[in-house]
Amino acid sequence: MTILPYSVNKKNAWNKFVEDSKQGTFLLDRNFMDYHADRFFDCSLLVYSDDVGEYDNSDDSLIALFPANWVEEEKTVYSHLGLTYGGLITSINITQSEVLRILQKIFLYYHDYLSAKVVIYKPIPYIYSRFPNQEDLYALFRAGAKLHTRGVATVVSVTNPLNMRTLRLRQAKKALEHDFYIERMKEGDNDCLAQYWSVLTNVLQKHHGTIPVHSLDEIMLLMSRFPKQIRLFVVKDTYSKVVAGTIVFETDIVAHIQYIASSPDGRKYGALDLLLRHLCGERYKDKQFIDFGISTEQGGNILNEGLIFQKEGFGGRAVCYDSYRIDLDRNRLLKMSEGAETVTGKKNIKFLDLKALTASYEPELSSNISKVVQSGHYLLGAENAVFESRWSKYIGTKHAVLCANGLDALTLILKAYKYLHKWDDNSEIVVPANTYIATILAVREAGLKPILVEPQLFDYNLHAAQCLKHLSIHTKAILPVHLYGRACDMNIILSFAKEHNLLVIEDAAQAHGAIYQGIRCGNWGDAAAFSFYPGKNLGALGDAGCVVTNDDELAHVVRSMANYGSSKKYYNDYEGVNSRTDEIQAAVLNTKLSRLDSDNAHRRDIAKRYIEGIKNPMIVLPYLPENDEECVWHLFPIRCPNRDVLQSYLKENGVETLIHYPIAPHKQNALRDVLEHGPLPITQRIHAEELSLPISPLLTFEDADYVIDLINRFVDI
């Protein structure tokens, strides 16, 4: 989190944030605040979630603003001098925990950089928030704040009004009988404004021994700057003379009435009753609240009960305009957020509960396994044949060949193609640099050279445009990886491969069931490899893998190579390996396959819930594809600049997460000195920031909401 002092080069960023904020109103706009610049020393702050320099152009990580002024002789920061109210300005989806940490940083900033002793904080009243919920009050409590002043305003709730007193209605009727009428000052009508200001000044001097806070010239300037937000409504007599009036500051949801005044004739004949009845009953019916403001006699230290009673006559109720004093004790401030990361009702959410997932297939699963055990046939039997037939039909390919695991599946494809096309050891395979290491190991195991290519940051997948500069006369194939379960842009990849006479081999180990433009992943390229590791969307109870292809010759060679290079027992045509799926694992896959699509649909629902619910600006979320079927959400990857802190925070609150993957392949000791590549900043950023949230067919919406709430509470101090 970064704190920057306000400067004029941040004016546009400030105003844009105010406009979009939870408390958005022109009263917090710099054009309004700067009107007071000659009176106060501005020490306002901007709060960013990322590391941001004073002259950085990007304000994407701006999360809060703090309007404030500094009084040197008092060593005091005021959050509201010159304003009706002050306080923290936040984004709409702010959480209490986030506000706590933001205010902690702000108070420490004033203590450390201004040597401030006190902050006087005046919260923005709830009626001015688009979603009323004053999270800052809890932070003030944690900072040891004490009530400093209490002002009681009278507010009319337009959407839920109280009855207007009969007395006020009679007074309004009297005004009409006396030929009083209401008029809104036209823009630039300074004569009308001057008449009203004279009435106001006389009232304040005679009854309260004071003068308006603003001079006539100042209010003219303000109204010229904000003609659509600051309006004057007056009551005139038959001679068009102003006898009463009020200035109204119009915000999105509140009409804030300022400077109510009436001449002796106006008071005698109910001019204000006529005007306020019009404002409450007609003019501002589209607002949520009409705020009559507070009594200011003796600095607001006493309450004018008569004025409050009169305002209540229009259906008003009390709203407190309090201010708080925070003595900046550094030790107290450092303890403000202790325990803030602890959430009531802590859960225990595993990243993937394999035991529970396996149990959800019972009793059918155990029954099918038992049949295999009792059959006496444990390798290359009926269960293998059934699954290969079902899987090839599901993917849409002519062939499916089971093998021992996903790494073997990919290796066998590459070895078979090397044999069939007579590739030499200098032959190159283009591979995404951010893939799991198995993809690269398969290329090297086949005696080929992996060429690492940066992915796109927005979807983490390989894109054809990135591959062009990596092609050479030795390039034989592109190996796109449908990472995290999201389909690559296969149309463009295939077109690119055809143009450059390259094979396309899909690593579909994480994309069981994903569909791109009506075709399942695995049926786009020349061949594809699947893994059925237990944690996959379709997982066995141990290792298993599969090659799918429409290439008859490739399927024959792969099947033979996986069985010692033999298609007939004891006759070996190729240098093969022992790579087979046993009958028990095939039976497990047959049992689970029927539920794959519905399980994927639930994963999509969880992913959508995460994406719509997580609003923490420190979190980079994956995007929802245009077609839901393009992603099966094997993993739900988020990114966070301080990923390790976030992971620890989630763990402390009962949520298990995993990192996919903490070390990029080119940084692994095993491959560090054998891979040729240029700079890979995107890959390194992904591996430094990625964190996978729980997502599985058994994760409940309630648990997902718990994770969402935790992440929205997370603030990295």
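Side-chain atoms are counted along with the backbone in the values below, which use heavy atoms only and exclude waters and symmetry mates. Note that the coordinates shown come from a computational prediction; the quantities given were computed from them, not determined experimentally.
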query: Hey, is the main chain of Ala688 close enough, under 3.5 Å, to the side chain of Arg643 for a donor-acceptor pair?
result: yes
Steps toward side-chain hydrogen bond (donor to acceptor under 3.5 Å, both in side chains) verdict (Asn537, Asn600): CA-CA 7 Å; Asn537 291 37; Asn600 284 343; 2.8 Å; yes
- prompt: More than 12 foreign heavy atoms under 6.0 Å from CG of Asp424: is that the case here?
  reply: yes
query: Going by the angle between their ring planes, with limits at 30° and 60°, are Tyr661 and His687 parallel, tilted or perpendicular?
result: tilted
message: Under a 3.5 Å cutoff, is there a donor and acceptor pairing between the side chains of His470 and Glu428?
response: no
- request: Go through Asn578 and Tyr564 one step at a time and tell me if the side-chain hydrogen bond (donor to acceptor under 3.5 Å, both in side chains) criterion holds.
  value: CA-CA 5 Å; Asn578 176 13; Tyr564 299 103; 3.3 Å; yes
query: Is a salt bridge present between Glu629 and Arg604, judged by a nitrogen-to-oxygen distance below 4.0 Å?
result: no
Min side-chain heavy-atom separation Lys608-Leu624 under 4.5 Å: yes
message: Less than 3.5 Å apart, any donor N or O on the side chain of Asn384 or Asp582 sitting next to an acceptor on the other?
response: no
message: Minimum heavy-atom separation for Ile606 and Leu699, please, with both atom names.
response: CD1-O, 3.6 Å
statement: When every non-hydrogen atom of Ala446 is compared with those of Leu414, the smallest separation belongs to CB-CB, 3.6 Å
- prompt: Can any side-chain N or O of Asn501 pair as donor or acceptor with the backbone N or O of Ala497 at less than 3.5 Å?
  reply: no
task: Would you indicate whether Tyr436, at its atom OH, is surrounded by more than 12 heavy atoms from other residues, nucleotides or ligands within a distance under 6.0 Å?
output: no
field: Aromatic ring proximity, centroids under 6.0 angstrom, Phe636 and Phe351
entry: no
message: Tyr394 vs His512, test: ring pair (Phe, Tyr, Trp, His ring centres under 6.0 Å). Steps then yes/no.
response: CA-CA 10 Å; Tyr394 179 82; His512 307 77; 9.3 Å; no
- prompt: If only atom types and distance count, is the side chain of Asn712 paired as donor or acceptor with the main-chain N or O of Lys615 below 3.5 Å?
  reply: yes
- line: In short, Ile440 meets Pro665 closest at the heavy-atom pair CD1-CB, 3.4 Å
query: Any luck finding a side-chain donor-acceptor pair between Asp408 and Ser579 under 3.5 Å?
result: yes
query: Going by distance alone, is a donor N or O of one side chain under 3.5 Å from an acceptor N or O of the other, for Glu506 and His482?
result: yes
message: Would you say the rings of Trp391 and Phe532 are close, in the sense that their centroids are separated by under 6.0 Å?
response: yes
- request: Please check if the distance between the ring centroids of Tyr460 and His660 is under 6.0 Å.
  value: no
query: Within the side chain of Trp633, is there an N or O that forms a donor-acceptor pair under 3.5 Å with the backbone of Gly485?
result: no
field: N-O pairing of Lys449 and Glu676 below 4.0 Å
entry: yes
- prompt: After noting the C-alpha distance and the side-chain angles of Gln585 and Leu541, does the key distance pass the side chain to side chain contact (heavy atoms under 4.5 Å, CB included) rule?
  reply: CA-CA 6 Å; Gln585 302 307 330; Leu541 294 186; 3.7 Å; yes
message: Please determine whether a side-chain nitrogen of the Lys or Arg among Arg603 and Asp599 lies less than 4.0 Å from a carboxylate oxygen of the Asp or Glu.
response: no
- request: Indicate whether any N or O donor in one side chain lies under 3.5 Å from an N or O acceptor in the other, for Gln456 and Asn461.
  value: no
- request: Please step through salt bridge (Lys or Arg N to Asp or Glu O under 4.0 Å) for the pair Glu575 and Lys415, ending with a clear verdict.
  value: CA-CA 10 Å; Glu575 291 186 33; Lys415 283 186 172 181; over 6 Å; no
message: Between Thr435 and Pro432 (side chain of the first, backbone of the second, donor and acceptor by atom type, cut-off under 3.5 Å), is there such a pair?
response: no
- line: Pro534 and Gly542 have their tightest heavy-atom pair at CD-O, 3.4 Å
- prompt: Can you tell me if OH on Tyr516 sees more than 12 non-hydrogen neighbours from other groups inside 6.0 Å?
  reply: yes
query: Got a salt bridge between Lys469 and Glu454, using NZ or NE/NH1/NH2 to carboxylate O under 4.0 Å?
result: no
- prompt: Is the NZ or CZ atom of Arg486 both under 6.0 Å from the centre of the six-membered ring of Tyr623 and within 45° of that ring's axis?
  reply: yes
- prompt: Is it true that a side-chain atom of Asn523 and a backbone atom of Gly396 form a donor plus acceptor pair closer than 3.5 Å?
  reply: yes
- prompt: Can you check side chain to side chain contact (heavy atoms under 4.5 Å, CB included) on Ser91 and Asp20, steps first, answer last?
  reply: CA-CA 7 Å; Ser91 58; Asp20 298 334; over 6 Å; no
- request: Flag the pair Asp605 and Arg609 as a salt bridge only when some basic side-chain nitrogen lies within less than 4.0 angstrom of an acidic carboxylate oxygen.
  value: no
query: Which pair of non-hydrogen atoms, one from Val548 and one from Gly522, has the smallest distance, and what is that distance?
result: CG2-O, 3.4 Å
field: Audit row: Gln647, Thr657, side-chain hydrogen bond (donor to acceptor under 3.5 Å, both in side chains) steps and yes/no
entry: CA-CA 7 Å; Gln647 185 177 40; Thr657 58; 3.3 Å; yes
task: Provide the closest heavy-atom pair for His463 versus Phe458 in the form atom of the first, atom of the second, distance.
output: CE1-CZ, 3.8 Å
task: Evaluate side chain to side chain contact (heavy atoms under 4.5 Å, CB included) for Asp507 paired with Leu410, printing each intermediate quantity in order.
output: CA-CA 7 Å; Asp507 184 337; Leu410 203 50; 3.8 Å; yes
message: Working note: Arg520 + Thr397, criterion side-chain hydrogen bond (donor to acceptor under 3.5 Å, both in side chains); need CA distance, chi angles, decisive distance, verdict.
response: CA-CA 10 Å; Arg520 292 196 189 275; Thr397 55; over 6 Å; no
message: Less than 4.5 Å apart, side chain to side chain, heavy atoms only: is that true for Val47 and Leu65?
response: no
